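Computed from a predicted structure; not experimentally measured. Below, chains carry the letters A, B, ... as their sequence lines are ordered, and counting in each starts from 1.
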Amino acid sequence: MLRERVFNTSTRLFTSCTAAFAAVIAFCALMPEASAVHLNNHVVSLLGKYLCFALLALSIDLVWGYLGILSLGHGAFFGMGGYVMGMYLMREIGNRGMYANAELPDFMVFLNWKELPWYWTGSDSFPFVCLLIVAVPGLAAFVFGLPAFRSRVSGVYLSIITQAMTFALMLAFFRNEMGFGGNNGLTDFKSLLGADIHSQGMVVTLFALSALALIMAYLVCRVITTSRLGRVFIAVRDAESRARFIGYRVEYVKLAAFVLSACIAGIGGALYVPQVGIINPGVFSPLFSVEMVVCVALGGRGRLYGAVIGALAVNFIKTWFTTAFPDIWLFFLGALFVLVTLFLPEGLAGLPTALRRRLQGKTP
Amino acid sequence: MMNLRRLCLVFLLVFLPGDALAVGEPASRIVLSPEIVESLRSARVMDRAAAIESLGNAPSDQAFTLLKALQEGALYVSRDNNELLVLDENAKSGEFVISGETIPVTDKDGLRKVGTSNSQRERISSLLSARMLRHPDANLRRRAVAGLLSDAGRIGAQDKPLLLALLQKETDEDIRQNLALALALLAASDAAAAPDELIGAAALLRDNALPGATQALEKLKSSEHAGVAAAAGEALEHKKIVAEWAAMLETLFFGLSLGSVLILTSIGLAVTFGVMGVINMAHGELIMLGSYTVWGLQQVFPGQPGLALVLSIPAAFIVSGGMGMVLERLVIRHLYGRPLETLLATFGISLILQQMVRTLISPMNRAVESPDFMSGMWRLTSSISLTCNRVYILCFCLAVFALIYAVMHKTRLGLEVRAVTQNRAIARAMGVNSARVDAMTFALGSGVAGMAGVALSQLTNVGPNLGQSYIVDSFMVVVFGGVGNLWGTLSGGLILGLANKFLEPFSGTMLAKIILLAGLILFMQARPRGLFPERGRAAEN
């Protein structure tokens, strides 16, 4: 029953494609350097980074595509997960830092701090950190969402206050007094669980974990959106008042989806940090969140896999164009956004359907 | 040495003929006494002191020029004929002091500089400023007195007779006041002054914002004489209250100024986003185009920044408005009814516009000049002064708001815009050409964004990223005020601007902004549709 419901064609295709892609990349990465198909650590980390962005895009699509909540501040949850992970990695450095202080990260020594702030307690325990990676963004989403949904802030109003949230967090994290490294953020990581973070084994493991997390998150979203709750999601998206009048507590439905989405984003952030090697307040910038929303729109919202395609496509194009046409790449990217909106209202994921329609000579 | 100086001053005041204040006519070329010429020619610096003193007391313009030249090291002695000559600024020609003859100077080998010691140069500068104090031109005198007060440490007890004499002769009320003030400062630091004099001084210092005045009053407050101490205490208290008020007014002004910038940058968005529902991420870039229009016109009219600035107000409206019209026709027209997708398209457009400016003009910031009337201060009282450009921008903001409001509420176009916003189908059924209205509205909103860019060019750097720094704030203002309501945008911008500036003294710039954003989030919980929500009877409203 569950199988039939969840595993439709596109889901099977998505999970198998992602798994196959991850397996191929991992295989290539593990080949000896002389091999023609060998991928170096840099490329693997880069692909892993794309997968983390895909996780974030997926989490945005869950609330935007299915509930119509356009969050312009999802980067905040991504950043929270990332900062929690970053704190752990900072503690792992131990006395290998520039100031060789076993207890305090370099930037705190630099600021002349004598002891760790209270909120860094427990950041050296990996299981606890793993819990926080989900708990911190989840709790933040709960605290933010509960009053907002209760007082029925919706539409663009909600979009703008999510933007205000991430903007405020960015400004706050820029402050050295916050205890998160200020402008420079957390960086210079050395190891994760005792293993060198730049070693090939670690890089490939992180990449594989990102792929696994993406597949799992996709399946979780898929299970939820195809369940009864998922039907209510769609009802809320399409006719909020009607769903409320029928007797659904719309605010709690929204809250549940928002919190789950924040947790997924947090996991994405946590996997992003060790692969990129730095986390700074830039992830809280409103522009980053808008860019991720644009990825989802480009891929096609309300399909889950569309968001993933969008995130991978945009980031791949960005990487490619910035090196190939450094002077004019923004023209391409901008034009791509405009053209997709105009000619592919359902995004890249809607391309096959659109083509089929065109071939059959039907107008949509 | 000291005695000598004092002696000279006394001599100056006592024996100066009445008409000496009327410094000689330009033509008067008094023959310098041989002693002065001799001491200036002398190779020994120490010989110069007496000459400097007599030059300082001579009323002629020539003495003034000579002193200035001495101070600046422009006075030379020719090795050919042992005559004094003054080099001009570029050291290209020299004028003989005695004969008035001018000769070209190619190199300084044939010249010997008339050197001066440090203390002599200091003496010259005080002599020169004393000269200025006695100058017949009231404006110059005023400036000299103001200079004297701003550097109050330089006034010493020995200047008292000079100041008193000046005060007696002075007719200009402004200058009299400042002279009296200088005397009051002197009295406060004079241990031998009589209590009556000190009380008078305290009363004078009470109403002045000079930094030195507070110091002098603090000193008076610790006086042994009870009356003096009380007067000084009262004056200090008064000053404190005045200072608090001034700080308050200043904060108010800064808040209004920030508010006016916020309103300017968001009023265009209030039209495109608020009225039309387009999530216009390219709004910032339309502002940027307006700023670049100012720069462009300044290239067309070099040396006339004022004319360029005034012309660029309509020009920026046309440039940004035209761009808005093109965008509406080409892109946005196809997206009505899909507001969230306008986000994607306009985000793409904003990237293209940014890159366009980078490619066509430059990725670097461009320098936009400020015309004279924009720079400078506008003094209200001795303790409150407003920067002119901010005052102008405040007025400009109100004018733009009035313009938009008039268009939206007093014209046919405005009526049609509101009709289309409220119910597109019925408006069309009533014969409104909705496609034309959409294009005109978007062009209007974009044009106003361009006009905001003109104002911003006077405040910040003009570069490709100019728009990005304002887009987030603009959305906040529009949403805070209530989407679709111009009054909401006006009051929203003012409230956010004022709140920001009133928070800043307590929390610092960064924290003020954070508090404000948090406050905005909380406020939206209480009023989910902003300050001025659109009223309607449907359940959704």
Side-chain angles (χ1 to χ4, degrees), chain A residues 64 68 70 72 144 146-148 150-172 174-175 177 240-242 244-245 285-287 290-291 293-298 301 327-343 345 347, chain B residues 273-274 277 279 281-282 327 330-331 334-335 338-356 358-359 363 468 471-473 475-476 478-480 482-483 508-530 538-540:
Chain A
W64 188 24
L70 173 57
L72 292 180
F144 179 85
L146 185 67
R150 265 199 176 156
S151 50
R152 301 187 191 173
V153 185
S154 58
V156 288
Y157 296 93
L158 190 79
S159 304
I160 297 302
I161 64 170
T162 52
Q163 191 172 52
M165 171 190 71
T166 194
F167 192 35
L169 280 172
M170 177 174 83
L171 296 178
F174 268 130
R175 292 162 54 85
E177 295 87 337
E240 184 174 333
S241 312
R242 206 174 295 181
R244 184 175 284 126
F245 296 151
S285 115
L287 205 65
V290 169
E291 255 181 50
V293 166
V294 167
C295 290
V296 177
L298 188 93
R301 67 196 179 103
D327 294 330
I328 49 170
W329 73 279
L330 274 177
F331 282 132
F332 286 110
L333 198 65
L336 181 73
F337 292 159
V338 176
L339 294 177
V340 166
T341 335
L342 287 183
F343 300 109
Chain B
F273 169 58
I279 304 181
M281 297 300 287
L327 293 181
L330 288 181
V331 179
H334 305 285
L335 301 174
R338 295 187 282 157
L340 293 179
E341 266 151 60
T342 56
L343 169 88
L344 176 58
T346 51
F347 188 69
I349 292 168
S350 86
L351 295 183
I352 294 175
L353 288 179
Q354 268 178 41
Q355 189 58 47
M356 197 175 80
R358 276 198 199 105
T359 311
Q468 274 184 356
I471 185 79
V472 175
D473 285 340
F475 271 106
M476 306 274 162
V478 174
V479 162
F480 175 62
V483 171
T509 323
M510 205 75 136
L511 208 55
K513 188 114 203 220
I514 296 171
I515 294 171
L516 215 61
L517 289 166
L520 180 76
I521 294 173
L522 289 177
F523 174 84
M524 295 306 288
Q525 322 287 348
R527 305 208 49 161
R529 304 210 144 228
E540 241 94 273

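A:Phe167 pairs in a side-chain contact (heavy atoms from CB on, under 4.5 Å) with only one of the listed residues (B:Ile514, B:Leu520, B:Asp473), which is B:Asp473.
In this structure, A:Val156 and B:Phe273 have side chains that are in contact, with non-hydrogen atoms separated by less than 4.5 Å. A:Met165 is not listed as a side-chain neighbour of B:Leu517, based on a closest heavy-atom distance of 4.5 Å or more. Between A:Ile160 and B:Met524 there is no side-chain heavy-atom pair separated by less than 4.5 Å. Within the 4.5 Å cutoff, the side chain of B:Ile521 has heavy atoms near those of the A:Phe144 side chain.
B:Leu511 touches chain A through backbone and side chain together, each having a heavy atom under 4.5 Å away. With a 4.5 angstrom heavy-atom cutoff, B:Met281 touches chain A only via side-chain atoms. Proximity to chain B is limited to the side chain of A:Ser154, based on heavy atoms less than 4.5 angstrom apart. Both the backbone and the side chain of B:Ile352 come within less than 4.5 Å of a heavy atom of chain A. Heavy atoms of A:Pro286 lying under 4.5 Å from chain B belong exclusively to its side chain. Both the backbone and the side chain of A:Leu171 come within contact range of chain B, each with at least one heavy atom under 4.5 Å from a heavy atom of that chain. Neither the backbone nor the side chain of A:Trp329 comes within contact range of chain B, judged by heavy atoms closer than 4.5 Å.
Once rounded to the nearest 0.5 Å, the distance linking CG of B:Leu343 with OG of A:Ser159 reads 8.5 Å. Expressed to the nearest 0.5 Å, how far CD of A:Gln163 lies from CE of B:Met476 amounts to 5.0 Å. The CZ atom of A:Phe331 sits 10.5 Å away from the CG atom of B:Leu351 when rounded to the nearest 0.5 Å. For the atom pair A:Met170 CE and B:Met510 CE, the distance stands at 8.0 Å (nearest 0.5 Å). Interatomic distance, B:Phe347 CZ to A:Leu333 CG, rounded to the nearest 0.5 Å: 8.0 Å. With rounding to the nearest 0.5 Å, the separation of OG in B:Ser350 from CG in A:Leu287 is 7.5 Å.
Within 6.0 Å of the CZ atom in A:Arg175, the count of heavy atoms belonging to other residues, nucleotides or ligands exceeds 12. Summarising the local packing, CZ of B:Arg358 is surrounded by more than 12 heavy atoms from other residues, nucleotides or ligands at distances under 6.0 Å.
In terms of heavy-atom pairs under 4.5 Å with chain B, the best-connected choice from A:Phe332, A:Phe174, A:Trp64 is A:Trp64. The residue among A:Leu336, A:Leu330, A:Ile161, A:Val340 with the most heavy atom pairs within less than 4.5 Å of chain B is A:Leu330.
The heavy-atom pair separating B:Pro528 from A:Ser151 by the smallest distance is CG-O, 2.9 Å. Heavy atoms only, all atoms of each residue included: B:Leu344 and A:Ala297 are closest at CD2-CB, 3.6 Å.
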